Amino acid sequence: MAEQSDQLYAMRHSLAHIMATAVQHLWPEAKFGVGPVVENGFYYDVDLGENTEARISEDDFKKIEAGMKQVIGADYPFERFEKPVDEAIAWAQQANQPYKEELLNDLKRSGTTVAKDLDAAELGTIAGGDAQVESVSFYKNGDFTDLCRGPHVESTGKAGAFKLMRVAGAYWRGNDQNPQMQRLYGVAFATDKELRQHLNMLEEAKKRDHRKLGQELDLFVFSDMVGSGLPMFTPRGTVLREELAAFSTQLRERYDFQKVWIPHITKKELYEASGHWAKFGDELFLVKSQETSDELVMKPMNCPHHTRIYESHPRSYRDLPLRYLETTTVYRDEKSGELGGLNRVRSITQDDSHVFCRQDQIETEINNLLAAANELYATVGMPLRVRLSYRDESDAYLGSHELWASAQEQLKNAVIANELEYFEQDGEAAFYGPKIDFMATDAIGREHQLSTVQLDFVQPERFGLEYTGEDGGKQQPVMIHCALLGSIERFLAVYIEHTAGRFPVWLAPEQVRLISVNQEEATLAFTQELRDRARELGLRLTVDNSNESVGKKIRAAELAKIPYTVVVGEKEITSREVIPRIRKDIVVQEGDRAIGVDEFLKTVANEAKARVQKTSL
RNA sequence: GCCGGCGUAGCUCAGUGGCCAGAGCGGCUGUUUUGUAAACAGCGGGUCGUGGGUUCGACUCCCUCCGCCGGCUCCA
C-alpha cells in the first residue's frame, strides 16, 4: 500500500465531504454514516431513508460528480469549528442525522473514541482519539456542515482530481445486524495525470483478470451443474497446477519432508478433538453414509489427519522432526457471496506440510521453510515481505498466554535471522497459534497474502501428541504448519494476473508450437520427428498443421502466449535449423538466430528444468 | 447470508411489448498448399439461465430459483 502524504489525505477527506455535500443537495433526506479516506480514494456511507424507494445507482454518478464539481468550482473555504459533545448531539438530532448522533453518543459514553467495531480508517471521521474529548470538530463548506475530524484542504477548489467508481451495500458499522447503507466509492489524486495513471492501472488489471485469462487461455472452467466455487481445470490449467505443486514439493523434499496421503472425508469427531468443530462447524460439508449411520465430513484442513499419522507409533526424540507433506484438496462451505473466480473457492488445494518437532528444533525448521518460501517467490518473480501475525487480547484463541508469547518471539527471531522485511500485526493469528504470513507483490504493484508458516502448540495438546525424551519422560511436540503456495487456486489467481498469462517456460502449458507451412508428407514427418524428440526431453510441444495460412497460425500462437513458436517448412527440413519466434516479453541475448533443431529443443528443455525467469513482467 | 448490478450461439456482443432472434470470431465442409498477428466460399449452431405469472401477444414487464459480477460480513 502506497503511503499517502498528509496533503493527499486531506484532499481525499475533503472530497468525501464534498461528495456528501452533493448527495445532500440531490437527496435532502440523505442520512450520512462515515466517510473515511481509503487506499487511492475515499468513500461515504449514505442512507437515503427507509421510507423512500430512492437508491443511488451508478447512473446517478454523473449527477453527483456534476454536483461535486459545482462545489469545487465555487471554491468554498472549509471552515473548521468546534462544539461541545452535547451541542453536537443536538445538532445531529436537529439535522436529522441519526448515524452521526449514534457516533456522538458513543463518543460521549466511552469518553474516548468510537466503539471497537469501527476500523482505523473510519475513526478518521470522528473527532477525538484521546480520553479527554469534550468537544468535537465540524467542517462547513457553503451550505453544508458535517461532523468531521479532518483534516481538510483550505477550500473546496483545492480538492484535486477524482472519479466516482462504484456503489455497494455496506452494513452500518460493519455489523450485519445493522441496517445496510449505500457506500459510494471514489478514487482521488492530487493531479489529473495521477488519476489517469491510476485508471490506466485499473484498466490493465482488468485485462489481466484471471477469470478472463482463464477462459481465453483455456485454463479452468466452472459449471452450473457442478456448483459455484468449484473450478475444474483443463489440461492446460492442470499443467500449471502440477508444475507449481511439484516445485513446492521439491523445495521441501530438500529438507527431508516426506509425502503422505489422507482421505478427504472423516468422522466429525476428529474436528471435535482438534477444536475446529466448535469454531468452524458450519463451514463443513456433511457426508452421510447410506449404508451405515456414519455421518462424515469433508476435510476442511489436513492437520488433524496428519496428527493421526504421527500418533500411529510411539515416537522418540530421535525421530523428530517428522515432516509430512501433501498437496491435497480441502473443502469449505464458504458463504455464497464470498466466492469469486479462483480467489475464493469451495475446493481448495493446499501444498500443505506439517512438521512435528521438539521445542529446540523450531528455529531450524522455520529457517528451512523461510528459505524455501524465499526461493519459490524469487523464482516466480514476486518480491516478498512478511507479516508476523500475533493474537490480540480477545478470547478467540486457544492456548495459554505464555505459550503464545514464547511462540511469537520465536517466529520473530527466525524472521530476523533470515533478514526478511517484516511488520507485526495483532489480531491476525490463527486461533491455534501465531503465524508468519508472506505478502507477495505482483507486477502491477498489488500485494497479496499467499503462503504462511504457522506455529501450533494447541493441536499437539488437544490430540495428546507425545514423544519419549532423552530422559525417558513424555514430551509434547510442537507442530509447524506451512503451505508455500498457500492455496493453488488462489496462487494461480494471483499468478495469472502477475504474469498476464505469459507464463515462463517451465510453467507454460505449451512450451513450443510448431507451425507447418504446408501439409506435405515431408513436413509432417519432420514435425513428428521433433515432437518425439521433445517428448524425450520432457518438453510440451504441439504441432499446428491445420490448413490455414502461416500468418493465421502465428496469430493463434501469439494469442495463446506460447513462449516459442517455430515455423517449419522446406527450408528447415533441408537445413535442420530453425529460427524460433520468441514471445516478446522473453529476454534473450540473441534472437532471430538460426539454431540447429536439436540444440534448440535442448536449450528450451534446460531452461524449463532450471526454471529460469527470462520473462520481464 | 445481506445490498446492488447482470445472465441472448462455444466466445465477444447487437436486439426493450408485435411477423420465423442477429453480427463478428470460433466450429464444420469445400476450394486453396500457404513463410512469421486473420485466404475465399458455403453450412450448421440459441426452448434468449430456470420455473411460474401478467398480456391477444414476452428475449423485452413482475415473482421464484440457479449462476456470474461489485461491495458488506467472513476467510483455519
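Quantities reported herein were computed from a predicted structural model and do not represent experimental measurements. Residue numbers begin at 1 in each chain, while the letters A, B, ... track the order of the sequences. Computed from heavy atoms alone, side chains included, the values below leave out hydrogens, waters and symmetry copies.
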Residue mapping more 5' on RNA chain B - nearest nucleotide basis, Arg581(A) or Gln519(A):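 The answer here is Gln519(A).
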
Comparing Arg346(A) and Met301(A) on RNA chain B - which has the more 5′ nearest nucleotide: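 On the 5' side of the pair lies Arg346(A).
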
At 4.0 Å (heavy atoms only), tell me whether [X] reaches a base, stays on the sugar-phosphate, or touches nothing.
| X | value |
| --- | --- |
| Lys553(A) | nothing |
| Gly341(A) | sugar-phosphate |
| Glu570(A) | base |
| Phe222(A) | nothing |
| Gly569(A) | base |
| Val567(A) | base |

Please give the distance between the [atom1] atoms of [N] and [M] as a whole number of Å.
| N | M | atom1 | value |
| --- | --- | --- | --- |
| G17(B) | A76(B) | P | 50 Å |
| U8(B) | A23(B) | C1' | 13 Å |
| G24(B) | A14(B) | C1' | 11 Å |
| A9(B) | U50(B) | P | 10 Å |
| G22(B) | G44(B) | C1' | 16 Å |
| A21(B) | C59(B) | P | 9 Å |
| G46(B) | C11(B) | P | 14 Å |
| G18(B) | A37(B) | P | 47 Å |

Measure from the side-chain heavy atoms of [X] and tell me the nearest of [options].
| X | options | answer |
| --- | --- | --- |
| Arg211(A) | U33(B), G35(B), G70(B) | G70(B) |
| Asn547(A) | G35(B), U32(B), A76(B) | U32(B) |
| Val517(A) | C68(B), U33(B), G35(B) | G35(B) |
| Arg490(A) | C75(B), G67(B), U34(B) | C75(B) |
| Lys552(A) | A37(B), A38(B), U12(B) | A38(B) |
| Arg183(A) | C72(B), A37(B), U34(B) | C72(B) |
| Lys335(A) | G67(B), A37(B), G1(B) | G1(B) |
| Ala168(A) | A76(B), G71(B), U34(B) | G71(B) |

Could you go step by step and tell me if Glu326(A) and His306(A) meet the side chain to side chain donor-acceptor pair (under 3.5 Å) rule? CA-CA 10 Å; Glu326(A) 181 174 14; His306(A) 287 180; 2.9 Å; yes

Between [N] ([atom2]) and [X] ([atom1]): distance, integer Å:
| X | N | atom1 | atom2 | result |
| --- | --- | --- | --- | --- |
| Glu428(A) | C75(B) | CD | P | 9 Å |
| Leu342(A) | C69(B) | CG | P | 10 Å |
| Tyr331(A) | A76(B) | OH | P | 20 Å |
| Lys435(A) | C75(B) | NZ | P | 10 Å |
| Glu548(A) | G35(B) | CD | P | 13 Å |
| His354(A) | A76(B) | NE2 | P | 14 Å |
| Leu164(A) | G4(B) | CG | P | 20 Å |
| Leu184(A) | C72(B) | CG | P | 14 Å |

Got a sec: does the CD of Glu577(A) have more than 12 other heavy atoms crowding it under 6.0 Å?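 Counting neighbours around CD of Glu577(A), more than 12 heavy atoms of other residues, nucleotides or ligands fall under 6.0 Å, so yes.
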
[X] side-chain N/O to [N] phosphate OP1/OP2 under 4.0 Å:
| X | N | result |
| --- | --- | --- |
| Tyr185(A) | C72(B) | yes |
| Ser549(A) | A39(B) | yes |
| Gln459(A) | A76(B) | no |
| Arg332(A) | C75(B) | no |
| Arg166(A) | G5(B) | no |

Could you summarise the pairing of RNA chain B as dot-bracket text, marking Watson-Crick and G-U pairs under 3.5 Å with ( ) or [ ] inside the strand and | across strands? (((((((..((((....[...)))).(((((.......))))).....(.(((..]....))).))))))))....

In the structure I gave you, are the side-chain heavy atoms of [X] and [Y] within less than 4.5 Å of one another anywhere?
| X | Y | value |
| --- | --- | --- |
| Ile436(A) | Ile366(A) | yes |
| Leu484(A) | Phe491(A) | no |
| Asn545(A) | Thr523(A) | no |

Is it the case that the side chains of [Y] and [X] hold a donor-acceptor pair, with the cut-off being a distance below 3.5 Å and no angle test?
| X | Y | result |
| --- | --- | --- |
| Arg236(A) | Thr234(A) | no |
| Ser248(A) | Arg252(A) | yes |
| Tyr432(A) | Gln459(A) | no |
| His354(A) | Asn302(A) | no |

Per-nt protein contacts along nucleotides 41-52 of chain B (heavy atom under 4.0 Å; B base, S backbone sugar-phosphate only, - none) come out as ------------

Using ring-ring contact (aromatic ring centres under 6.0 Å, His included), reason through Phe600(A) and Tyr564(A) one step at a time and then give a plain yes or no. CA-CA 10 Å; Phe600(A) 166 68; Tyr564(A) 297 104; 5.7 Å; yes

Where does the angle between the aromatic ring planes of Phe220(A) and His210(A) fall among parallel (under 30°), tilted (30 to 60°) and perpendicular (over 60°)?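 Tilted.
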
On the 0 to 90° scale, with breaks at 30° and 60°, tag the Phe32(A)-Tyr44(A) ring pair as parallel, tilted or perpendicular.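 The rings of Phe32(A) and Tyr44(A) stand perpendicular, inter-plane angle above 60°.
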
Can you check whether any acceptor in the base of [N] is under 3.5 Å from a donor in the side chain of [X], or vice versa?
| X | N | value |
| --- | --- | --- |
| Tyr171(A) | G1(B) | yes |
| Arg344(A) | C74(B) | yes |
| Glu572(A) | G35(B) | yes |

When you check the gap from the basic side-chain N to the acidic O, do Lys561(A) and Glu558(A) get nearer than 4.0 Å?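 Judged by the 4.0 Å cut-off on N to carboxylate O distance, Lys561(A) and Glu558(A) do not form a salt bridge.
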
